[in-house]
Amino acid sequence: MSEIGGQSPSRHRVGFALEPKKVQSFLQNSLIDHAKNHAIELIPIDLTTAIHQQLPFHSIIHKLHSPQWTQQLRHFSLHNPSIPIIDPPDAVDRLHDRVTMLDSVPKLSLQNDVVSVSVPKQAVANDERTAIEGLDSVNLRFPVIAKPLAADGSASSHNLCLVFDREGLKSLNYPVVVQEFVNHGGAVFKIYVAGRHVTCVRRKSLADITEEEIKNLKGAVPFSQVSNVKGSREQEEEGDGVEMPPEGLVSELGRGLREALGLNLFNVDVIRDANDEKRYLVIDINYFPGYAKLPCYETFFTNFLLDVVHGKNTV
Ligand SMILES: O=P(O)(O)O[C@@H]1[C@@H](OP(=O)(O)O)[C@H](OP(=O)(O)O)[C@H](O)[C@H](OP(=O)(O)O)[C@H]1OP(=O)(O)O
Ligand SMILES: Nc1ncnc2c1ncn2[C@@H]1O[C@H](COP(=O)(O)OP(=O)(O)O)[C@@H](O)[C@H]1O
Ligand SMILES: [Mg+2]
Ligand SMILES: [Mg+2]
């Protein structure tokens, strides 16, 4: 466990401003101990007390959504310009909107003979009418996936729907992004970035939708229920047997997005089109995601913190 009192002056103290749930899932003893072995102390910031009263910190990492917190952080940063805030709140904000989060991807122009990286066709809709207009404007056909425009960490921001026809557009909680649904073999690749460190894992995803299902399914199906819909197929755990993306793609995408977004701590959800194995699509980017789910997250994250300690490689 971290020592709050009596820390040696040579220790680098990192303050973490996180929801209690995230403190529990992320700041595990195994990480705290591993970092401590490298002279780094990880300290949860007490959110009920001003930050300056909890000094010294040599750097601050944060994932909190309230405007009051952001204001407090900006104020603190203004008066303590030598303490790095990882990452800048304005850059983090860009990930809280499902359109702006993907803006950088096409600008990276990641394509060659073997792979291309893009985003699914999509349009923003404020109501049923603008949804229909939006789908027309980008030449999208059903089925589509509807995602809340705000990706602000609220439970509702993860309530997604598959929409099979116009009728299904009636029941959505607007504003949403209506997005091309791409069959991708039931596996999503999650690329985790922590500064210059990048790694990729494969996870279970939505099952593909068959032509038969497209003919038979109607309305809107909230995600959590998709696997219960009659006719939808079983999928393998964790997308077993699905080939991983090339390493070059993983590192280039991680590095390129880190620079373009001006962020150190995020992950990227990527799928591969089941009908075109060259076509990779970025569908989601999350700020300070669940690193603890990575194998050896203690080493992965501490290596990033060591870069911070040595003042290198933060964007
Ligand atoms: O809690 P976890 O470990 O599942 O992490 C969540 C992430 O899971 P992942 O690492 O991508 O598998 C999760 O990623 P997804 O959006 O599910 O792809 C989010 O980043 C989530 O944060 P928020 O609710 O959007 O603020 C993350 O939740 P918080 O832990 O930040 O609340
Ligand atoms: N365009 C898409 N085509 C096919 N499946 C998708 C698409 N977008 C999302 N999904 C599926 O929905 C899941 C959740 O979508 P995502 O955009 O990552 O939202 P969240 O922020 O809630 O994780 C993905 O992991 C994937 O299984
Ligand atoms: Mg996701
Ligand atoms: Mg997300």
Side-chain angles (χ1 to χ4, degrees), residues 16-28 31 61-66 69 92-93 95-99 101-102 105 118-123 135 138 140-163 176-194 199-209 213-214 221-227 232 235 238-239 242 263 265-276 279-295 297 300-301:
F16 284 82
L18 304 171
E19 299 288 353
K21 184 175 75 83
K22 186 85 174 176
V23 169
Q24 229 180 2
S25 65
F26 177 75
L27 283 180
Q28 296 178 17
L31 176 65
I61 291 178
H62 62 104
K63 182 176 183 177
L64 290 173
H65 294 285
S66 79
W69 162 256
V92 175
D93 273 353
L95 299 189
H96 293 158
D97 173 302
R98 290 195 191 266
V99 174
M101 77 160 61
L102 300 182
V105 177
S118 59
V119 298
K121 286 188 206 171
Q122 63 177 27
L135 293 178
V138 292
L140 252 184
R141 300 222 195 112
F142 293 108
V144 293
I145 191 158
K147 307 182 181 185
L149 182 59
D152 55 6
S154 59
S156 62
S157 70
H158 296 289
N159 289 343
L160 279 56
C161 267
L162 282 174
V163 183
V176 298
V177 171
V178 279
Q179 189 176 85
E180 171 188 8
F181 178 86
V182 180
N183 275 343
H184 55 278
V188 59
F189 307 110
K190 284 192 166 264
I191 300 176
Y192 285 79
V193 176
T199 191
C200 180
V201 293
R202 182 181 54 212
R203 297 256 183 81
K204 186 176 170 175
S205 185
L206 279 188
D208 291 347
I209 302 178
E213 285 164 345
I214 292 176
V221 181
F223 254 32
S224 49
Q225 294 169 22
V226 164
S227 57
S232 77
Q235 63 189 125
E238 310 292 342
V242 175
L263 293 172
L265 300 175
F266 61 94
N267 77 358
V268 190
D269 293 352
V270 178
I271 56 176
R272 180 172 51 220
D273 189 336
N275 296 311
D276 176 359
R279 185 180 181 224
Y280 287 83
L281 299 132
V282 174
I283 52 167
D284 188 21
I285 307 179
N286 305 294
Y287 190 65
F288 200 159
Y291 289 103
K293 283 184 255 169
L294 284 176
Y297 94 105
F300 184 76
F301 206 82

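Only heavy atoms go into these numbers, but all of them, side chains included; no hydrogens, no water, no symmetry mates. For ligands, and for the atoms within them, numbers begin at 1 and follow the listed sequence. Quantities reported herein were computed from a predicted structural model and do not represent experimental measurements. For reference, positions follow the sequence shown, starting with 1.
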Seminar exercise, completed: The reported gap from CD in Q179 to CZ in F181 (rounded to nearest 0.5 angstrom) is 10.5 Å
Exercise. Within the side chain of R202, is there an N or O that forms a donor-acceptor pair under 3.5 Å with the backbone of V242?
Worked result: yes
Exercise. Backbone N or O of G185 within a donor-acceptor pair of the D208 side chain at under 3.5 Å?
Worked result: yes
Exercise. With a 4.0 Å cut-off, would you call D284 and K147 a salt bridge?
Worked result: no
Problem set entry | Polar contact flag for N286 and ligand 1 (N/O pairs, less than 3.5 Å) | yes
Exercise. Say you draw a straight line from CZ of R98 to CD1 of I283; how long is it, rounded to the nearest 0.5 Å?
Worked result: 9.5 Å
Problem set entry | Closest to atom 24 (C) of ligand 2 among L206, V268, V188, I283 (heavy-atom distance) | I283
For this session: Among all protein heavy atoms, pick out the one at the shortest distance from atom 19 (O) of ligand 2; state its residue, atom name and that distance to 0.1 Å.
Result: R98 NH1, 3.4 Å
Exercise. Hey, is D269 touching ligand 2 through its side chain, its backbone, both or neither, going by heavy atoms under 4.0 Å?
Worked result: side chain
For this session: Spell out, as yes or no, whether a donor-acceptor pair under 3.5 Å connects the side chain of K63 to the backbone of Y287.
Result: yes
For this session: For ligand 2, note which part of L160 has a heavy atom under 4.0 Å away: side chain, backbone, both or neither.
Result: side chain
Exercise. Any idea which protein heavy atom is nearest atom 7 (C) of ligand 2, and the distance to it?
Worked result: I145 CD1, 3.6 Å
Seminar exercise, completed: When distances are taken from atom 6 (C) of ligand 1, the protein heavy atom at minimum range is G290 N, 4.2 Å
Exercise. Any idea which protein heavy atom is nearest atom 13 (C) of ligand 2, and the distance to it?
Worked result: F223 CE2, 3.7 Å
For this session: Run the numbers for me: atoms of ligand 1, each under 4.0 Å from some heavy atom of G153, listed by number.
Result: 23 (P), 24 (O), 26 (O)
Problem set entry | D269: its N/O/S atom lying closest to the Mg ion (ligand 3) (atom name) | OD2
For this session: Please check if a non-hydrogen protein atom sits closer than 4.0 Å to atom 10 (O) of ligand 1.
Result: yes
For this session: With heavy atoms under 4.0 Å as the rule, classify the contact between D152 and ligand 1 as side chain, backbone, both or neither.
Result: neither
For this session: Quick one: pull up OG in S118 and CG in L102 and give me the separation to the nearest 0.5 Å.
Result: 10.5 Å
For this session: Verify ring-ring contact (aromatic ring centres under 6.0 Å, His included) between F26 and F301, making sure each step is shown before the conclusion.
Result: CA-CA 10 Å; F26 177 75; F301 206 82; 4.9 Å; yes
Exercise. Between D152 (side chain) and H65 (backbone), is there a donor-acceptor pair under 3.5 Å?
Worked result: no
Exercise. Which bit of Y192 is near ligand 1, meaning a heavy atom under 4.0 Å away: side chain, backbone, both or neither?
Worked result: side chain
Exercise. What distance separates F16 CZ from K22 NZ, expressed to the nearest 0.5 Å?
Worked result: 10.5 Å
Exercise. How far is atom 22 (O) of ligand 1 from its nearest protein heavy atom, and which residue and atom name does that atom have?
Worked result: K63 NZ, 3.0 Å
Exercise. What atoms of ligand 2 come closer than 4.0 angstrom to any heavy atom of D284?
Worked result: 16 (P), 17 (O), 18 (O), 19 (O), 20 (P), 21 (O), 23 (O)
Exercise. Which is the closest N/O/S atom of D284 when seen from the Mg ion (ligand 3)?
Worked result: OD2
Seminar exercise, completed: atom 4 (O) of ligand 1: closest protein heavy atom, distance to 0.1 Å, is K293 NZ, 2.8 Å
Seminar exercise, completed: atom 24 (O) of ligand 1: closest protein heavy atom, distance to 0.1 Å, is H158 NE2, 2.9 Å
Exercise. Distance from I209 atom CD1 to L162 atom CG, nearest 0.5 Å?
Worked result: 4.5 Å
Exercise. Between N267 (side chain) and P289 (backbone), is there a donor-acceptor pair under 3.5 Å?
Worked result: no
Problem set entry | Shortest protein contact, atom 18 (O) of ligand 1 (heavy atom only) | K190 NZ, 2.8 Å
For this session: Please write down residue, atom name and distance for the protein heavy atom closest to atom 3 (N) of ligand 2.
Result: V182 N, 3.0 Å
Exercise. In ligand 2, which numbered atoms sit nearer than 4.0 Å to a non-hydrogen atom of Q179?
Worked result: 1 (N), 2 (C), 7 (C), 8 (N)
Problem set entry | Where V188 and K204 come nearest, the two heavy atoms and their spacing | CG1-O, 3.8 Å
For this session: Tell me which part of K21 gets within contact of ligand 1: side chain, backbone, both or neither, using heavy atoms under 4.0 Å.
Result: side chain
Exercise. Under 3.5 Å between some N or O of ligand 1 and some N or O of Y291?
Worked result: no
For this session: Please write down residue, atom name and distance for the protein heavy atom closest to atom 27 (O) of ligand 2.
Result: S205 OG, 2.4 Å
Exercise. So do H62 and L18 actually touch side chain to side chain, heavy atoms under 4.5 Å?
Worked result: no
Seminar exercise, completed: Within 4.0 Å of some non-hydrogen atom of D284, the atoms of ligand 1 are 15 (P), 16 (O), 18 (O)
For this session: Indicate yes or no for a side-chain donor-acceptor contact from E180 to the backbone of K121 under 3.5 Å, with no hydrogens or angles considered.
Result: yes
Seminar exercise, completed: heavy-atom search around atom 22 (O) of ligand 2 in the protein gives H158 ND1, 2.8 Å
Problem set entry | Sidechain-backbone polar pair: H184 side chain, V182 backbone, donor-acceptor under 3.5 Å | yes
Problem set entry | R203 touching ligand 1 at heavy-atom level, < 4.0 angstrom | yes
Exercise. Nearest 0.5 Å, what's the CD1-CG distance between I145 and L140?
Worked result: 11.5 Å
Exercise. Of all the atoms in ligand 1, which lie at a distance below 4.0 Å from a heavy atom belonging to K22?
Worked result: 29 (P), 30 (O), 31 (O)
Exercise. Which of these, K204, E180, H184, R203, has its nearest heavy atom closest to atom 1 (N) of ligand 2?
Worked result: E180
Exercise. Can any side-chain N or O of Y291 pair as donor or acceptor with the backbone N or O of F266 at less than 3.5 Å?
Worked result: yes
Seminar exercise, completed: Out of Q122, M101, K147, K190, the nearest non-hydrogen contact to atom 17 (O) of ligand 2 is supplied by K147
Exercise. Which ligand 1 atoms does D269 reach within 4.0 Å, using its non-hydrogen atoms?
Worked result: 18 (O)
